[in-house]
Amino acid sequence: MKRSRPRAWLLAVVTSVLSAALALSPVQPAASDPIGVLRTLDWEQAADRTLPATAPANFLKQWGTSYGATNVTGPTREGSHAARFELRKTDPVVSSSKRAEISQRDEQPANAERWYGFSINLASSWAYDTSAEIVSQWHQCDVGCPGGSPPLALLTDEGRWKIDFRGQFLDLGVYTTGVWVDWVFHVTWRTDSSGVLQVWKNGERVVNRTGATHDGGPRSPYFKFGIYKWDWNTGAPSSTTQRVMYYDALRLGDERAVHKDVAPQRTCTRAAPVTSATATTHEAANPPANAVDGDLTTRWSGQGFGAALILDTGAQRHLCGAKVAWHRGDLRWNDYTIHASPDGVSYTKVWEGRSSGTTTAPETVLFTTGPVDVRYLKISFWANPENDWASITETSALSL
């Protein structure tokens with residue numbers, strides 16, 4: 001039977017249609033991006049590595065030297081490429097000040113809900129200075145908006161990370177040079193009480209505020225990243241003449257995104273602090289504190305179906321797993337579940353399963369729900385092949 005159209009013809013038509021669609025949208029999210037991620041700029045796409053000649057597609061160039069913004073192969077946070085920013089005190093003025101930045105276009109809709117995830121590495125030359133500099137900022141719209149300072153900015157100042165939120169400075173701790181620091185900002189841009197600002201640093205939420213997030217205008221603030229040091233333009237005191245930093249893993253999301261969609265990719269290996277341990281039951285010789293004392297020769301023991309050890313990490317954290325070492329763990333398996341809670345009252349199951357039965361060393365389990373923002377973990381024992389006793393020698397919570 002003769003075919004009316006050869007398969008090659010159909011393939012050519014499909015290829016032509018797809019090519020036309022891509023031509024209409026020159027900047028496409030990576031195929032693996034969740035639906036809420038509007039743009040990934042991790043410098044892994046060859047089309048994005050346009051520095052220093054120009055900014056990547058749909059961004060604006062704000063530097064005036066050949067070294068202001070460049071693509072490099074190290075250090076990197078994800079993949080094999082990152083962006084390097086360098087600003088010198090002698091650099092020319094760009095957009096009315098001393099800066100080396102990449103900027104979104106001023107086209108954000110009013111009342112936008114946005115997610116911003118990125119990672120920053122301050123070079124070892126990033127010396128202490130009483131003069132501050134912005135390393136990421138959200139600029140009010142250019143036409144029809146109040147002037148003045150940005151409503152939100154991430155800075156380094158006097159050796160510390162700080163956030164300037166509508167003129168109020170929030171101290172986020174001492175910075176360390178030569179290491180990647182992961183940031184996630186979640187902002188609902190509003191001028192009334194329904195605005196939201198949430199900030200995560202290395203997977204832990206450090207800011208959680210509601211209320212107005214900017215001062216108004218027909219559009220929401222737009223995002224800029226790089227180095228902006230205004231004191232080098234005004235002549236204010238400064239003891240430095242050069243700033244170098246690296247920027248990677250940028251993801252921009254809308255209201256459909258969640259934290260994990262934009263956060264720089266992390267492995268679940270970082271131990272979260274445990275301030276105390278309690279239990280639903282225990283024998284006097286083996287109290288719950290023995291399970292968090294760093295000593296595998298001591299243990300918590302509690303008898304009965306559902307006997308549980310409860311860890312308090314002291315504050316709400318972005319937890320992703322746990323390590324559990326069992327007494328006689330090389331001779332018997334243990335069935336158990338892990339529940340998580342933000343308040344110690346309402347718990348949600350995040351993992352269930354069985355230990356290997358082959359080791360007394362701590363075994364890592366990753367939450368099947370993914371990372372959760374919680375304070376408490378409850379480890380509940382259900383069975384082993386020898387008796388009805390739960391006996392944990394050591395355990396810890398893990399964060400991203």
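The model shown is predicted, which means the values in this text are computed figures rather than measured ones.
No hydrogens or angles considered: a donor-acceptor pair under 3.5 Å links the side chains of Asp129 and Ser238. Checking Thr40 against Asp42 by side-chain atom types alone, no donor-acceptor pair falls below 3.5 Å. For the residue pair Glu86 / Gln242, a side-chain donor-acceptor distance below 3.5 Å is found, with atom types taken as modelled. Inspection of the Arg299 and Ser301 side chains reveals an N or O donor paired with an N or O acceptor under 3.5 Å.
No option in Gln316, His318, His259 other than Gln316 meets the side-chain contact (heavy atoms from CB on, under 4.5 Å) test with Arg205. Screening Tyr247, Trp161, Trp200, Tyr116 for a ring-ring contact (aromatic ring centres under 6.0 Å, His included) with Trp183, the sole residue that qualifies is Trp161.
Side chain of Gln137 to main chain of Lys224: no donor-acceptor pair is present (N/O by atom type, distance under 3.5 Å, no hydrogens or angles). Between the side chain of Ser341 and the backbone N or O of Ser346, at least one donor-acceptor pair lies under 3.5 Å. A donor-acceptor contact shorter than 3.5 Å is absent between the side chain of Asn58 and the backbone of Arg105. Between the side chain of Thr275 and the backbone N or O of Asp312, at least one donor-acceptor pair lies under 3.5 Å. For Lys61 (side chain) and Ala69 (main-chain N/O), no donor-acceptor pair under 3.5 Å exists by modelled atom type. The backbone N or O of Arg160 sits nowhere less than 3.5 Å from a side-chain atom of Asp157 that would complete a donor-acceptor pair. Distance alone, capped at 3.5 Å, is enough to place a donor-acceptor pair between the Lys98 side chain and the Lys89 backbone. Using modelled atom types, one side-chain atom of Asp106 and one backbone atom of Asp142 make a donor-acceptor pair closer than 3.5 Å. Side chain of Asp248 to backbone of Glu78: a donor-acceptor contact under 3.5 angstrom is found. Distance alone, capped at 3.5 Å, places no donor-acceptor pair between the Thr280 side chain and the Ala307 backbone.
By the 30° and 60° cut-offs, the orientation of the rings of Phe223 relative to Phe225 is parallel. A parallel orientation is assigned to the rings of His186 and Trp115, their planes being inclined by less than 30° (bins at 30° and 60°). Classification of the Trp138-Phe118 ring pair by plane angle, with boundaries at 30° and 60°, yields tilted.
Looking at Lys201 and Val181, their side chains come closer than 4.5 Å, going by heavy atoms from C-beta outward.
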Intermediate values then yes/no, side-chain contact (heavy atoms from CB on, under 4.5 Å), Ile379 and Trp300: CA-CA 12 Å; Ile379 303 171; Trp300 159 73; over 6 Å; no
Criterion side chain to side chain donor-acceptor pair (under 3.5 Å) on Thr298 and Asp293, from CA distance to verdict: CA-CA 8 Å; Thr298 65; Asp293 62 0; 2.7 Å; yes
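Of all heavy-atom pairs spanning Arg88 and Trp232, the tightest one is C-CZ3, 3.4 Å. The two atoms that bring Thr360 and Thr393 nearest to each other are O-OG1, 4.4 Å, heavy atoms only.
Checked for salt-bridge contact, Arg256 and Asp254 meet the test: a charged N lies under 4.0 Å from a carboxylate O. With salt bridges taken as basic N to acidic carboxylate O contacts below 4.0 Å, one links Asp48 and Arg39.
Within 6.0 Å of the CG atom in Leu296, the count of heavy atoms belonging to other residues, nucleotides or ligands exceeds 12. Other residues, nucleotides and ligands contribute only 12 or fewer heavy atoms inside 6.0 Å of the NZ atom of Lys260.
Taking hydrophobic clusters as Ile, Leu, Val, Met, Phe, Trp and Tyr residues chained together by side-chain heavy-atom distances below 4.5 Å, Leu250 does not share a cluster with Ile134.
With values rounded to the nearest 0.5 angstrom, Arg328 atom CZ is found 9.5 Å from Ser391 atom OG. Here Asn121 contributes atom CG and Met245 contributes atom CE; the two are 10.0 Å apart, rounded to the nearest 0.5 Å.
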